[in-house]
Amino acid sequence: MISHVKKVYLETFGCQMNVLDSELVLGALEGRGYQRTGQRDEADVVLFNTCSVRANAEHKVYGRLGELSHLKRKHPEVVVGVLGCMAEREGADLLQRFPQVDLLVGPGELDRVPDLIAASRDGNSGPQQALAGDRARRSSTLDAAGDNLERLDLSRSMDAVQRHGSAYVRITRGCNKFCSYCVVPRTRGAEIHRPPDHIVDECRRLVDAGVVEITLLGQTVNHYRFDHGASIVVAGVVQPQVGPGGGAFTRADSSFNVGRKLTRFSDLLARIHEEIPQLQRLRFVTSFPRDFGDDILQVMADSERICNYLHLPVQSGSDRVLRRMNRGYSVSEYRELVARARALVPGVTIASDFIVGFPGEDESDFQQSMDLVRACGFKNSYVFKYSERPDTPAAGRLADDVPEEVKKSRNHRLLAVQAEVSTAVHRQHLDRTVPVLVEGVSPRGNPEATRTQLSGRTVGDLIVLFEGSTDLVGHIVPVAIHEARQLALHGAVAAPAEGPGTP
Ligand code: SAH
Ligand code: SF4
Ligand code: F3S
């Protein structure tokens, strides 16, 4: 029998972390000889990298798994895997409902995917074994899991990303915030910060491979903080201490000045900016509105290639609601941060997230969210209807008491106000020529034509649509803006001021 190249189909749901995880998993599988395919029907391995943040994200995956039961009956040799946050949140319950699932792999175990697939194909493991794995590994708090996951990040293939010019780099795993409505701390575990040397190396390798824009990822990205451990200052020279409490000097040596070296988020940004001058755009998401120091804003202001853009989800404009969400800041503190950002970082654009219909949210709470959109001038807001998630503090304590119709109407009204604000923000760019990183063909364009509608982003993350050759994808080009609509700017490629360089 002629063995054929094994094909893997992977569909991704959820946030940027999942997009990056999927890229890493596919890279690892390609390293084992797999080929990617966009056709589920021809795949030997079908994977879903899943999200649990809202019920509808999970329903989409149930739907996909339902579709597969037929395929699985006809081709029992096809391996079906559920990766990511749903695998972690639902565990064995998912297997009961969907016996067609062979693999369940949480975010803390993704480095094991190739081995688990191989074991499943050899018939050496049932789903139970893959699921049980090492339960401790499923909590990404363990150092062992941290090291293995770190290897997965470090071994990433540089090929996949260069076509689009843009890449994600993880700086922090997990989240320590425990907002009352949110599953993420349970699915991704506690915060672990990656070593700055690893992050800088990864950025450098991506840029060497042709990437022009890097987005640093963390659930609360501004909380990045790497503790290098104790170091000892001897005659002004900082020496790392060897091993915990061991080595030539110990903490007990009172004649030496024992200090700790920390890399804060602002230090990391400054370091990447300085050490990788070829990197044209550096971004980061998502910022948490607490503990956002001026040091970060100052580095943004001082560093030409750090994009003046913040994704700073507020969730609600009402203090009462924010308290019940356990967000840890007040509306006035949030507004003070927005004012500080606007004062220190010229032209900064800010995007936000809102949850409408949180338990107990009344019309006056909601009106305060409407007011906040107007007051802060967000360039856009992602608005979500509250979705009660099992095992979250809110699900245990607070009744999901805002009727679906009211949630829908608030969602609609908030987006309508945001649309006016977005249009006003866009208008400020009329008749200006701005550098745009071309991301791809606009869904509304015709992919067959050579000159087609392209879509790209400004430094401030505004979407720009314009005509041009698909060769421009992955490059930064100057675009003259002549129309400002609610969702995007429209323009035309402008001749560069001088030479072939891009501004
Ligand atoms: N770490 C980021 C957001 C992660 S989840 C932060 O804290 O800002 C992305 C967005 O999903 C959140 O900002 C929130 O608006 C929304 N979200 C999270 N849990 C939700 C839930 N249970 N129901 C509705 N929306 C939710
Ligand atoms: Fe969820 Fe809050 Fe953490 Fe964001 S900060 S991931 S909303 S718990
Ligand atoms: Fe969803 Fe998990 Fe991201 S729950 S939002 S994929 S961290």
Side-chain angles (χ1 to χ4, degrees), residues 11-22 25 48-61 82-90 105-108 110 140 168 170-191 217-224 284-292 310-317 321-322 324-329 334 337 350-359 361 369 378 380-396 398 400 402 404 407-408 410-411 414-415:
E11 187 175 355
T12 306
F13 301 83
C15 65
Q16 294 101 332
M17 287 285 175
N18 265 14
V19 174
L20 174 56
D21 283 341
S22 290
V25 167
F48 300 108
N49 193 9
T50 60
C51 173
S52 285
V53 82
R54 283 171 293 277
N56 56 11
E58 295 193 335
H59 286 139
K60 280 187 207 149
V61 175
V82 174
L83 317 182
C85 292
M86 273 174 84
E88 189 67 36
R89 197 187 75 68
E90 299 204 44
V105 191
L110 291 176
S140 46
Y168 292 131
R170 187 185 338 259
I171 67 168
T172 303
R173 304 173 202 287
C175 180
N176 283 353
K177 281 290 167 223
F178 292 97
C179 302
S180 62
Y181 50 81
C182 184
V183 291
V184 174
R186 284 156 200 84
T187 61
R188 295 265 168 181
E191 252 181 20
L217 297 185
Q219 292 295 351
T220 58
V221 74
N222 50 312
H223 286 184
Y224 176 83
F284 51 91
V285 290
T286 306
S287 295
F288 191 78
R290 230 178 86 174
D291 313 321
F292 198 112
L310 293 174
H311 183 197
L312 196 63
V314 63
Q315 313 298 358
S316 170
V321 176
L322 286 177
R324 272 178 298 153
M325 288 178 163
N326 193 29
R327 290 287 287 183
Y329 53 83
Y334 184 89
L337 169 56
I350 303 176
S352 193
D353 293 2
F354 284 85
I355 295 176
V356 293
F358 189 77
E361 183 193 68
S369 293
F378 298 127
N380 73 292
S381 291
Y382 301 92
V383 181
F384 305 104
K385 291 180 289 175
Y386 173 67
S387 168
E388 185 179 275
R389 306 310 293 134
D391 304 320
T392 54
L398 306 166
D400 184 8
V402 178
E404 180 61 23
K407 285 181 185 171
K408 251 191 208 154
R410 287 183 188 160
N411 191 332
L414 195 55
L415 283 174

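One-based numbering, in listed order, for ligands and for the atoms of each. Values reported hereafter were calculated over all heavy atoms of this structure, with side chains retained and with hydrogens, waters and symmetry mates removed.
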| Heavy-atom gap Gln219 to ligand 3 smaller than 4.0 Å | yes
| query | Out of Arg54, Lys385, Lys177, Met325, who gets a non-hydrogen atom closest to atom 16 (C) of ligand 1? | reply | Arg54
| query | Just heavy atoms, cut-off under 4.0 Å: does Met17 contact ligand 3 by side chain, backbone, both, or neither? | reply | neither
| request: Answer with side chain, backbone, both or neither: which part of Cys85 has a heavy atom less than 4.0 angstrom from an atom of ligand 3? | output: side chain
| What protein heavy atom is closest to atom 7 (S) of ligand 3, reported as residue, atom name and distance in Å? | Arg188 NE, 3.3 Å
| query | Backbone or side chain, does Cys15 get an N/O/S atom under 2.8 Å to atom 3 (Fe) of ligand 3? | reply | yes
| message | Can you check which of Thr392, Val383, Asp353 brings a heavy atom nearest to atom 10 (C) of ligand 1? | response | Asp353
| task | Kindly identify the option in Gln16, Arg389, Gln219, Arg327 whose heavy atom sits closest to atom 1 (N) of ligand 1. | result | Gln219
| query | Are any of the heavy atoms in Thr220 under 4.0 Å away from ligand 1? | reply | no
| field | Test item, Ser52 contacting ligand 3 (heavy atom, 4.0 angstrom) | value | yes
| request: Give the single entry among Ala394, Ser387, Pro313 that approaches atom 23 (N) of ligand 1 most closely by any heavy atom. | output: Ser387
| message | Between Arg410 and Glu361, does any NZ, NE, NH1 or NH2 come within less than 4.0 Å of an OD or OE carboxylate oxygen? | response | yes
| query | Counting both backbone and side chain atoms, is some N or O of Tyr181 under 3.5 Å from an N or O of ligand 1? | reply | yes
| query | Any salt bridge between Glu191 and Lys177, counting N to O under 4.0 Å? | reply | no
| said: Suppose I only count heavy atoms of Pro185 and a 4.0 Å limit; which atoms of ligand 2 are within that range? | reply: 8 (S)
| message | Is there a polar contact between ligand 1 and Gln315, counting only N or O atoms under 3.5 Å apart? | response | yes
| query | Mind checking whether atom 2 (Fe) of ligand 2 has an N, O or S of Cys175 under 2.8 Å? | reply | no
